[in-house]
Amino acid sequence: MIESLKKLQESALSELQSVETIEQLDALVLKYFGRSKGLLNNVLKNIKNLSESDRRTLGAQANEVKVAIWKLIDEKRNEIRSKNKPEFLDLTATGKTTLGHLHPITQMSKEIKEVFRSMGYSVLVGPEIESDYYNFEALNIPSEHPARDMFDTFYVKDPNPKSKEKLVLRTHTSPMQARVMENYKPPFAVIIPGRTFRNEATDARHEHTFYQVEGLVVDENISLANLKWSLDTLIQKIFGGEIKTQYRPSYFPFTEPSVEVLMSCIFCNQKGCSICSRTGWLEVLGAGMVHPKVFEVAGYPKGKYSGFAFGLGIMRFAMLKYNIPDIRMFHQNDARLLKQF
Ligand code: DAH
């Protein structure tokens, strides 16, 4: 009997080693300790037929074997359980989370606003769903105008329920120029930061949803020199005092003359690199003197006022300042990028 007890112990131990699931473990327990057919119980049943002294030694040994096997079974059970434990998310845990911070777009937007505030500009906001009138018509972009091509957008199906105007997701913050002029009498200097949309085939430099800052200054005797001072100040405060700027003729329907503003390449110090296409210059924004047609639409007396306007891309500024190679990265919410700010 001692022999068969030993064999039982050995076979139980070797079977235990290949057990991987709780179900297999339960089957093994039944096989050895089952009440009627359990192998160990079968051996123990015969103990009663032995002499008293044999019974005592064998009983003690059988008990040892039993305890030893049960110990291993318990260990196995714990091992399987800890392997299959579902990940535990303790929402009440304190002190384990990392502190969040402002998104790089928000950081850049705040920086730009600060610079303009320091020059005496006020900050306004405008609607993201805009009427076709303010987005285009009031800015001298009539419906058949070719400039509409570069401003293709998402059209809202239903018109404004009250005014019946056609609605679009604004393609730029420029419609606020017309709204501001309708509501304020010069002199004023305002900026309007906000989200804008275009029907773009997205790539490293184009997103369907992006952010702009519009600027508008109107008074008597405002000149291109005033425009240049404001924008030079902006660029030098954001990118550094040593930056050079260049103003090139350009075209926008709502400004005349229009300019494209470039700054000296901050990546290669104008030696020529792939980011500035080896020109030494980076385009940073569009601007110009307010077109007489736009003043006319606003109902301002002819010839009394002059002014300048500009529009810049906040993401473009952030890409250049923080050296982010692809505009689509801003909305991917990849912690590896965001953690760097
Ligand atoms: N709205 C123009 C765009 O999104 C940018 C712009 C250019 C705004 C010239 C202006 C301006 O106010 O004067 O492409």
Side-chain angles (χ1 to χ4, degrees), residues 87-129 154 169-174 176 189-198 200 202-215 230-243 245 261 263-269 273-276 282-286 310-341:
E87 210 174 290
F88 177 61
L89 181 62
D90 183 1
L91 294 174
T92 64
T94 53
K96 284 185 186 163
T97 47
T98 49
L99 205 59
H101 59 74
L102 296 176
H103 191 279
I105 297 175
T106 313
Q107 289 187 30
M108 181 45 81
S109 170
K110 286 185 84 162
E111 237 184 281
I112 293 168
K113 280 190 273 189
E114 250 348 281
V115 175
F116 280 112
R117 278 207 192 96
S118 76
M119 290 190 271
Y121 283 71
S122 308
V123 182
L124 301 178
V125 290
E128 289 178 0
I129 299 178
F154 302 101
L169 296 194
R170 64 176 174 191
T171 58
H172 47 180
T173 40
S174 301
M176 277 302 283
V190 294
I191 56 161
I192 307 101
R195 191 154 52 162
T196 48
F197 311 85
R198 271 180 217 180
E200 292 280 7
T202 55
D203 63 26
R205 289 185 62 178
H206 298 90
E207 254 290 23
H208 49 72
T209 302
F210 55 105
Y211 294 79
Q212 288 191 333
V213 176
E214 191 74 17
S230 273
L231 298 182
D232 280 359
T233 305
L234 168 76
I235 291 169
Q236 286 168 356
K237 285 216 176 157
I238 301 279
F239 294 102
E242 70 292 351
I243 302 289
T245 55
V261 186
M263 69 174 184
S264 49
C265 183
I266 45 175
F267 298 101
C268 64
N269 222 350
C273 66
S274 60
I275 301 176
C276 63
L282 298 163
E283 284 170 31
V284 276
L285 69 151
F310 55 86
L312 66 88
I314 299 178
M315 285 153 133
R316 171 115 178 105
F317 266 56
M319 284 169 80
L320 294 173
K321 174 137 190 192
Y322 308 135
N323 198 2
I324 297 172
D326 192 316
I327 196 168
R328 292 165 293 192
M329 294 170 95
F330 286 109
H331 284 147
Q332 279 166 353
N333 265 346
D334 188 329
R336 287 170 300 182
L337 175 88
L338 299 177
K339 261 202 269 184
Q340 298 177 44
F341 294 92

So SG of Cys276 and CE of Met263: to nearest 0.5 Å the spacing works out to 10.5 Å
Mind jotting down which residue pairs meet the side-chain hydrogen bond (donor to acceptor under 3.5 Å, both in side chains) criterion with at least one end in residues 312-323? Sequence neighbours excluded, please. Glu111-Lys321
Could you work out, with salt bridge (charged side-chain N to carboxylate O under 4.0 Å, His left out) as the rule, every residue matching Glu114, not counting sequence neighbours? Arg117
Sorted by chain and residue number, the salt bridge (charged side-chain N to carboxylate O under 4.0 Å, His left out) partners of Glu128 (sequence neighbours excluded) come out as Arg195
Under the salt bridge (charged side-chain N to carboxylate O under 4.0 Å, His left out) test, which residues partner Lys110, sequence neighbours left out? none
Tell me which donor-acceptor pairs under 3.5 Å the side chains of residues 330-341 have, and how far apart each pair is, sequence neighbours excluded?
residue: Asp334; atom: OD1; partner: Arg336; partner atom: N; Å: 2.9
residue: Asp334; atom: OD1; partner: Arg336; partner atom: NE; Å: 3.2
residue: Asp334; atom: OD2; partner: Arg336; partner atom: NE; Å: 3.4
residue: Asp334; atom: OD2; partner: Arg336; partner atom: NH2; Å: 2.7
residue: Gln340; atom: NE2; partner: Arg336; partner atom: O; Å: 3.0

With sequence neighbours excluded, tell me which residues meet ring-ring contact (aromatic ring centres under 6.0 Å, His included) with Phe310. Phe116
Set of side chain to side chain contact (heavy atoms under 4.5 Å, CB included) partners for Asp326, sequence neighbours left out: Ala204, Arg328, Met329
Validation row: Cys268, Ile275 side chains within 4.5 angstrom (heavy atoms): no
Mind checking side chain to side chain donor-acceptor pair (under 3.5 Å) for Thr171 and listing every partner two or more places apart, or none if nothing turns up? Asn135
Evaluation steps, side chain to side chain contact (heavy atoms under 4.5 Å, CB included), between Arg198 and His206: CA-CA 9 Å; Arg198 271 180 217 180; His206 298 90; over 6 Å; no
Within the supplied structure, the quantity of interest is the number of heavy atoms (other residues, nucleotides, ligands) at a distance under 6.0 Å from Ile129 CD1; does it exceed 12? no
Between Glu214 (side chain only) and Ile192 (backbone N and O only), is there a donor and an acceptor less than 3.5 Å apart? no
Do Leu320 and Ile238 have side-chain heavy atoms sitting under 4.5 Å apart? no
Hey, what do you get for CD1 (Ile324) to CE (Met315), rounding to the nearest 0.5 Å? 9.5 Å
From NE2 (His208) to CD1 (Ile327), nearest 0.5 Å: 10.5 Å
For Pro127 and Met176, which heavy atoms make the closest approach, and how far apart are they? CD-SD, 4.1 Å
Inter-residue atom distance Met108.CE - Leu312.CG, 0.5 Å rounding: 9.5 Å
Looking at Gln212 and Thr173, would you say the former's side chain and the latter's main chain have a donor-acceptor pair under 3.5 Å? yes
Whether the side chain of Thr196 engages the backbone of Phe210 through a donor-acceptor N/O pair (distance < 3.5 Å, no angle test) should be reported. yes
List for me each residue that meets side chain to side chain donor-acceptor pair (under 3.5 Å) alongside Glu207, sequence neighbours excluded, and say none if there are none. none
Can you sort out the partners of Glu200 under side chain to side chain donor-acceptor pair (under 3.5 Å), two or more places apart, ordered by chain and number? none
In this structure, CE of Met319 is separated from CG of Leu282 (nearest 0.5 Å) by 11.0 Å
What residues, two or more places apart in sequence or in another chain, satisfy side chain to side chain donor-acceptor pair (under 3.5 Å) together with Ser230? Tyr121
Asp203: partners by salt bridge (charged side-chain N to carboxylate O under 4.0 Å, His left out), with sequence neighbours left out: none
Point-to-point distance, once rounded to the nearest 0.5 Å, from CG of Leu231 to OG1 of Thr245: 8.5 Å
